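Input: a single structure, listed below in structure tokens.
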Amino acid sequence: ATVYQVSTNGTITGTTALSGASGCKQFAITGNRTTQRLTCPNSTGGNITIYKYPAGGEPMQTLTGTFTKPFAVVFSN
């Protein structure tokens, strides 16, 4: 999967390739400039992968569980 960074006028300003991501439709980006993470629910893989952002690449962590088709992620304080 690839995440595209797009400007307000629709120009692609950057991309982040996510190895091992599948069905990553409603992801979340958290952290500050030095610790940003992208959390991707893999609706076709039944797991959740966490990546460095904007670096992407291989997942830092993969969460598995009893979920079968996770499709969104939400964080709350």
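Note: hydrogens, waters and symmetry copies are ignored here, and every other heavy atom, side chains too, is used. Here the structure is a predicted model, which means the values were calculated and not measured.
- Contact detail for P70 and T68: the closest heavy-atom pair is CD-C, 3.7 Å.
- For the side chain to side chain contact (heavy atoms under 4.5 Å, CB included) test with I50, the passing option among V73, T30, L63 is L63; the others fail.
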- Message: Evaluate F67 against I48 for side-chain contact (heavy atoms from CB on, under 4.5 Å), listing each step before the verdict.
- Response: CA-CA 10 Å; F67 32 83; I48 298 167; 4.0 Å; yes
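- Atom NZ of K69 is separated from atom OG of S43 by 8.0 Å, given to the nearest 0.5 angstrom.
- For F27 against C40, the heavy-atom pair with the smallest separation is CB-CA, 4.4 Å.
- Within the structure, side-chain hydrogen bond (donor to acceptor under 3.5 Å, both in side chains) contacts touching residues 46-56 (residues at least two apart or in different chains) are Q5-Y53, N42-N47, N42-T49, T49-Y51.
- To the nearest 0.5 Å, atoms NZ (K25) and CZ (F71) are separated by 12.0 Å.
- Counting heavy atoms from C-beta outward, L38 and V3 have side chains that approach closer than 4.5 Å.
- Note that OG1 of T16 is 10.5 Å distant from OH of Y4, once rounded to the nearest 0.5 Å.
- If you chain together hydrophobic residues whose side chains sit under 4.5 Å apart, L18 and I29 fall into the same group.
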